[in-house]
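These notes concern the structure reproduced below.
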Amino acid sequence: MNIVVVYTNRCKETRMLAEDMARYVRTYARPLNDFDFNESVDLLVIGFEEFFTLKDKELEEFICQLSRKNIKNVALFNMFCLNNKQMDKIIKLCQKQDLPLMRETYSCKKGIRSKLLLQDDVVSGGRTYIEDMVNICRHYY
């Protein structure tokens, strides 16, 4: 089973969580710009951060380049500070692109004061999420 975990470049906490999730399922996390769009992927896990007023054009362009013929399942996780509206926008964009989006998503609140430290519940929630998505892909798809 080919599992790919990618993350946006702006957020170091998202990168740390993506790397931990990837290690947990014995793969590697990589930035969006290192993804090979011709690679056949069983599960693509995309991590991003909610920004206050900025649109994440890098993430939107990445999703617009994805193709259903190379990707069997897409899972999303994000980190946010105040609100979680960008997750809804990314879900709508994935649906518009007709990507095979998993029903479950993982959103976690980012600590404002604890820079570059992930809370234990965030890490364990990320591990549980990716383990569930891998099990669903293995046993049901």
Side-chain angles (χ1 to χ4, degrees), residues 1-112 114-141:
M1 181 170 190
N2 187 12
I3 304 165
V4 177
V5 180
V6 296
Y7 56 89
T8 55
N9 292 323
R10 290 185 185 180
C11 180
K12 292 183 180 10
E13 289 91 354
T14 303
R15 187 192 90 229
M16 291 170 50
L17 182 59
E19 288 173 347
D20 185 76
M21 291 167 72
R23 271 193 307 274
Y24 193 71
V25 292
R26 295 181 175 90
T27 189
Y28 296 98
R30 49 185 138 160
L32 293 179
N33 53 4
D34 288 348
F35 182 74
D36 179 15
F37 291 99
N38 296 320
E39 180 180 7
S40 179
V41 178
D42 294 315
L43 175 62
L44 175 64
V45 182
I46 304 171
F48 58 96
E49 179 185 6
E50 179 85 26
F51 293 104
F52 298 111
T53 58
L54 299 174
K55 265 179 99 171
D56 196 349
K57 293 192 185 271
E58 176 191 24
L59 180 61
E60 290 179 8
E61 290 173 2
F62 175 80
I63 290 175
C64 288
Q65 293 178 2
L66 294 175
S67 170
R68 188 180 186 104
K69 78 176 178 183
N70 293 341
I71 297 172
K72 294 183 182 170
N73 297 292
V74 176
L76 302 172
F77 75 91
N78 77 329
M79 299 185 85
F80 65 95
C81 285
L82 299 175
N83 62 17
N84 195 14
K85 293 181 180 180
Q86 188 175 4
M87 179 63 89
D88 295 334
K89 292 176 186 175
I90 298 302
I91 289 171
K92 288 178 185 175
L93 182 60
C94 289
Q95 290 171 340
K96 183 179 174 185
Q97 290 297 116
D98 195 31
L99 294 174
L101 187 63
M102 303 288 282
R103 280 188 182 187
E104 301 297 323
T105 60
Y106 178 59
S107 295
C108 54
K109 189 161 185 159
K110 185 171 89 164
I112 295 173
S114 61
K115 288 288 185 184
L116 299 179
L117 281 176
L118 294 176
Q119 298 172 354
D120 291 338
D121 59 337
V122 170
V123 173
S124 64
R127 289 177 179 176
T128 302
Y129 174 70
I130 196 162
E131 183 179 29
D132 289 347
M133 295 304 103
V134 168
N135 286 334
I136 288 170
C137 290
R138 278 192 183 136
H139 299 294
Y140 298 107
Y141 293 110

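Note that the structure is predicted; figures quoted are calculated from it, not measured. Atom set for the values below is all heavy atoms of this structure, side chains included, hydrogens, waters and symmetry mates excluded.
Within the model, atoms NZ of Lys89 and CG of Asn84 stand 11.0 Å from one another, a figure rounded to the nearest 0.5 Å. Residue Glu13 holds its CD atom at 10.0 Å from SG of Cys108, rounded to the nearest 0.5 Å. Atom CG of Asn78 is separated from atom NZ of Lys110 by 11.0 Å, given to the nearest 0.5 angstrom. Rounding to the nearest 0.5 angstrom, the gap separating the CE atom in Met102 from the OH atom in Tyr140 is 11.0 Å.
Considering only heavy atoms from C-beta on, Ile63 comes within 4.5 Å of Leu99 through its side chain. In this structure, the side chains of Asn9 and Glu58 come closer than 4.5 Å at one or more pairs of heavy atoms. Side-chain atoms of Leu44 and Phe35, non-hydrogen and from C-beta on, do get closer than 4.5 Å to each other. Using a 4.5 Å heavy-atom cutoff, the side chains of Gln97 and Ser67 are not in contact.
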Checklist entry - Would Ile130 and Val5 satisfy side chain to side chain contact (heavy atoms under 4.5 Å, CB included), going step by step from the backbone distance to the final call? => result CA-CA 10 Å; Ile130 196 162; Val5 180; 3.9 Å; yes
Checklist entry - Could you go step by step and tell me if Leu59 and Gln86 meet the side chain to side chain contact (heavy atoms under 4.5 Å, CB included) rule? => result CA-CA 11 Å; Leu59 180 61; Gln86 188 175 4; 4.1 Å; yes
Checklist entry - Would Leu118 and Thr14 satisfy side chain to side chain contact (heavy atoms under 4.5 Å, CB included), going step by step from the backbone distance to the final call? => result CA-CA 9 Å; Leu118 294 176; Thr14 303; over 6 Å; no
Item to check | CA sep, side-chain torsions, deciding dist, call: Val45, Val4, side chain to side chain contact (heavy atoms under 4.5 Å, CB included) | outcome: CA-CA 6 Å; Val45 182; Val4 177; over 6 Å; no
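Between Phe37 and Phe62, the angle of the ring planes lies from 30° to 60°, which puts this pair in the tilted group.
Between the side chains of Asn2 and Glu39, a donor-acceptor pair is found at a separation under 3.5 Å. Judged purely by distance below 3.5 Å, without hydrogens or angles, the side chains of Asn73 and Asp42 never pair a donor atom with an acceptor atom. A donor-acceptor contact closer than 3.5 angstrom is absent between the side chains of Ser40 and Asn70.
For CG of Asp120, the number of neighbouring non-hydrogen atoms (other residues, nucleotides, ligands) closer than 6.0 Å is 12 at most. The number of heavy atoms from other shown groups lying within 6.0 Å of CD (Glu104) does not exceed 12.
Salt-bridge annotation for Glu60 and Lys96: absent, with no side-chain N of the basic residue lying under 4.0 Å from a carboxylate O of the acidic one. A salt bridge is absent between Glu131 and Arg127; no separation between the charged side-chain nitrogens and carboxylate oxygens falls under 4.0 Å. One finds no salt bridge joining Arg10 and Glu49 here, because no Lys/Arg side-chain nitrogen approaches an Asp/Glu carboxylate oxygen to under 4.0 Å. Between Lys85 and Asp88 there is no salt bridge, since no side-chain nitrogen of the basic residue lies less than 4.0 Å from a carboxylate oxygen of the acidic one.
The two residues Ile90 and Phe48 come nearest to each other via the heavy atoms CG1-CZ, 3.9 Å. When every heavy atom of Leu17 is checked against every heavy atom of Gly126, the shortest pair comes out as CD1-CA, 4.4 Å. Counting all heavy atoms, side chain and backbone alike, Cys64 lies closest to Leu93 at SG-CD1, 4.1 Å. Scanning both residues, Phe80 and Glu50, for their nearest heavy atoms gives CB-CB, 3.5 Å. Shortest non-hydrogen contact noted between Met1 and Cys137 is CE-CB, 3.0 Å. Taking all atoms of both residues into account, the shortest heavy-atom contact from Asp98 to Arg68 is O-NH1, 2.9 Å.
No side-chain donor-acceptor contact under 3.5 Å links Tyr7 to the backbone of Lys12. Side-chain atoms of Tyr129 come within 3.5 Å of backbone atoms of Leu76 as a donor-acceptor pair (strictly under, hydrogens ignored).
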